[in-house]
Amino acid sequence: MSNLNLNYKAIIKILGFIILVSGTAMVIPWIFAASTGDTSASHAFAKCTPFFIVIGGLAALSIKQGKVRLRTREGYIVVAACWMLASITGAFPYYLSGFADNFVDALFESTSGFTTTGCTAVADGTLSPTLMLWKAISHWLGGMGILIFIISILPALGINGQLIARAEAPGPVLEKVTVRMSDSAKILYLTYISFTLIEFLLLAASRKMPVFDALITTLGSISTGGLVVHPEGIAFYNSVYVEIVISVFCILASFNFVLYHYLVTGKSSYFTKDIELRAYIIIIVGALVICTIGMTAAGSGSFASNLRGSFFQVISMATTSGYVHSAYSVWPSVCQITLIILMFIGGCAASTSGSIKVVRVLVMLKLIWRGGVKRIHPRSVVAVKLGRNAVSAPVVSAITMFMLTYMFIFIVSAFILSFQGLDMETTLTTALAMLSNTGAAFGETAVTGNFSMFHPVLKLFLSGLMIIGRLELFPIIVLFTRNFWGKDR
């Protein structure tokens, strides 16, 4: 370890800011708990909030250093450590308040929050309003990425955050919209905050949803986390208006956020001509048609009710929000398979959605098509293109490697979970729910999103799987390779 030559001061400084952000975010539910008389939650936040603020503040503000550029290895270490640290610190309110009987369940709950997976591993699974507010806040922080927020202030600390952004940002690439990465992060968060405020106002204006419910639902949907106040899900409100508002903002949050910058700055052609965006909309519309027709043909209800239920559930799965509108586990097989496919695909790159991402799926389909052409014309030179732009060989190679690794991890995860002894449907879809950060599965966990039946060791594994999925595999995988820990990385 002495030969690693890491910039420990920079790493500790960034980790300190993560603790500080987490502790500061706990102030809001602490005040809420005190004002509503939630004694157990108030005592829990009173114990951990000041501690994290002090420890995080000392680590972040007391370490002095000059301007430094993080190297590749340090960037990946910071990303992995920060998400693990955020999940650990966020677990204490659940544990100290007595909601979780053990720290493993509390850690699962916290990881589910920050990774926007939105499920639970506690048998009861009913959060108090204060803990629900804390989970909603962790959803919101994790939606755009805690580190993207940190990157916006790193230059003031003398730290270059480019490598951290590469390791943390969802999607094959992180396209910079301005010259400075910190400015890009600020623009992304400004868009994120704007969407949050607009959705909250629209939901609060509804007579069907109280202000507190509107706040929780907004923080859960704009982050594509899928958190709801009532156990019955969104169906509790029985409002088409509420369902449309939530669906619209889930979709907006699953678009590439870089496109919004182009739209605001007058470069609307980037938005309208984006191949990934077009493909994503086609996928959603196609899935909606299949599910509506499938349910109607099976006699599950009227066309209007099937269209309404399919619309919300398709968007929920396509954006990896994991909301539940109806008992989709009893839908016709063609509808269930369609939803599972949507869980695999996920949203667009550089969005709050999880899973594989549409752009990777497009590239792989183009690669398969090129393989067919090469079989017929072996000497032909056929480029993999998205629109008129050819995708470079290194990018195609990286996407291919990601897809193969994703499927490998999914299969291995399902095998590990099979030791629980549950049915095949539950086992396979649980692995997918965690890896895709959807949080909704089929079988025994269907609709409820409760994974309390798993052994504590497997719950730890599921927590790790959520982080691996949120960070898109490689920021965690590289930590277990020998070359990563060699000299001069």
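A quick note: this is a predicted structure, and the numbers were derived from the prediction, not measured.
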Does any N or O in the side chain of Thr218 come within less than 3.5 Å of the main-chain N or O of Ala214, such that one atom is a donor and the other an acceptor? yes
Taking side chain as C-beta onward, heavy atoms only, is Ile234 less than 4.5 Å from Val324? no
pair Leu219-Leu227: side-chain heavy atoms closer than 4.5 Å: no
Is the backbone of Pro394 close enough, under 3.5 Å, to the side chain of Ser397 for a donor and an acceptor to pair up by distance? no
Apply ring-ring contact (aromatic ring centres under 6.0 Å, His included) to residues Phe92 and Phe103 and explain how you reach the verdict. CA-CA 8 Å; Phe92 280 93; Phe103 194 77; 5.2 Å; yes
Using the side chain to side chain donor-acceptor pair (under 3.5 Å) rule, take Ser355 and Thr320 through it: C-alpha gap first, then chi angles, then the decisive distance, then the call. CA-CA 8 Å; Ser355 209; Thr320 68; over 6 Å; no
Which distance, rounded to the nearest 0.5 Å, do you find between the CZ of Phe249 and the OG1 of Thr352? 12.5 Å
Indicate the atoms forming the closest heavy-atom contact of Ile409 with Ser413, along with that distance. O-OG, 2.6 Å
State, to 0.1 Å, how close Gly220 and Tyr323 come at their nearest heavy-atom pair, and which atoms those are. C-OH, 3.4 Å
Ring centres under 6.0 Å, that's the criterion: do Phe454 and Phe108 meet it? no
Can you measure from CD1 (Ile275) to SG (Cys348) and round to the nearest 0.5 angstrom? 12.0 Å
Between Phe114 and Ala86 the two heavy atoms that sit nearest each other are CE1-O, 3.2 Å
Mark yes or no for whether Ser321, through its side chain, and Gly225, through its backbone, hold a donor-acceptor pair below 3.5 Å. no
Do Leu252 and Ile222 have side chains that get closer than 4.5 Å, going by heavy atoms? no
Is there a donor-acceptor contact under 3.5 Å from the side chain of Tyr260 to the main chain of Phe255? no
Student check: side-chain heavy atoms of His455 and Phe419 closer than 4.5 Å: no
How about Phe402: does its CZ atom have over 12 heavy atoms from other parts shown lying under 6.0 Å from it? yes
Contact between Ile467 and Ser87 at the side-chain level, heavy atoms closer than 4.5 Å - yes or no? yes
Measuring only between side-chain heavy atoms, which start at C-beta, is Ile53 closer than 4.5 Å to Val27? yes
So, does Gln336 use its side chain to make a donor-acceptor pair with the main chain of Ser329 at under 3.5 Å? yes
What verdict does the side-chain contact (heavy atoms from CB on, under 4.5 Å) test give for Thr130 and Phe45, after you've listed the backbone C-alpha separation in whole Å, the side-chain angles of each residue and the deciding distance to 0.1 Å? CA-CA 10 Å; Thr130 303; Phe45 282 104; 3.6 Å; yes
Considering all heavy atoms of both residues, which atom of Gln420 and which atom of Met453 are nearest to each other, and what is their separation? NE2-O, 2.8 Å
Applying side-chain contact (heavy atoms from CB on, under 4.5 Å), run through Leu404 and Phe408 and close with a yes or a no. CA-CA 6 Å; Leu404 292 174; Phe408 176 77; over 6 Å; no
Donor-acceptor pair, distance only, cut-off 3.5 Å: does the side chain of Arg470 make one with the backbone of Gly142? yes
If we ignore hydrogens and angles and just use 3.5 Å, is the side chain of Glu276 paired with the main-chain N or O of Ala349 as donor and acceptor? yes
Kindly give the heavy-atom pair with the smallest separation between Trp331 and Ser326, and that separation in Å. CZ2-OG, 3.3 Å
Strictly distance-based, threshold 3.5 Å: is any side-chain N or O of Ser138 a donor or acceptor partner for the main-chain N or O of Lys135? yes
Shortest non-hydrogen separation from Val358 to Gly346 and the atoms involved: CG2-O, 3.8 Å
For the residue pair Phe442 and Tyr328, categorise the inter-ring angle as parallel (less than 30°), tilted (30 to 60°) or perpendicular (more than 60°). perpendicular
Does Thr481 use its side chain to pair, donor to acceptor, with the backbone of Val478 at less than 3.5 Å? yes
Salt bridge (charged side-chain N to carboxylate O under 4.0 Å, His left out) partners for Lys459, two or more places apart: Asp105
Take Phe474 and Tyr76 through the ring-ring contact (aromatic ring centres under 6.0 Å, His included) test and state the conclusion after the steps. CA-CA 9 Å; Phe474 291 104; Tyr76 280 102; 9.1 Å; no
Between Val122 and Glu109, is the side-chain contact (heavy atoms from CB on, under 4.5 Å) condition met? List the steps. CA-CA 8 Å; Val122 178; Glu109 200 76 28; 3.9 Å; yes
Checking side-chain contact (heavy atoms from CB on, under 4.5 Å) for the pair Thr111/Thr117: CA distance, chi angles, key distance, verdict? CA-CA 8 Å; Thr111 306; Thr117 308; over 6 Å; no
Ser436 side chain near Tyr406 side chain, heavy-atom distance below 4.5 Å: yes
Hey, what do you get for CG (Leu417) to OG1 (Thr429), rounding to the nearest 0.5 Å? 10.0 Å
Quick one: ring-ring contact (aromatic ring centres under 6.0 Å, His included) partners of His230, sequence neighbours excluded? Phe236, Tyr237
CD1 of Ile251 to OG of Ser221, rounded to nearest 0.5 Å, is 11.5 Å
Between atom CG of Leu215 and atom OG1 of Thr196, what is the distance when rounded to the nearest 0.5 Å? 10.0 Å
Note, Thr430 side chain near Leu462 side chain (heavy atom, < 4.5 Å): yes
How many angstroms lie between atom CD1 of Ile315 and atom OG1 of Thr224, to the nearest 0.5 angstrom? 13.0 Å
Checking Asn437 side chain against Met466 main chain: does a donor-acceptor pair fall under 3.5 Å? yes
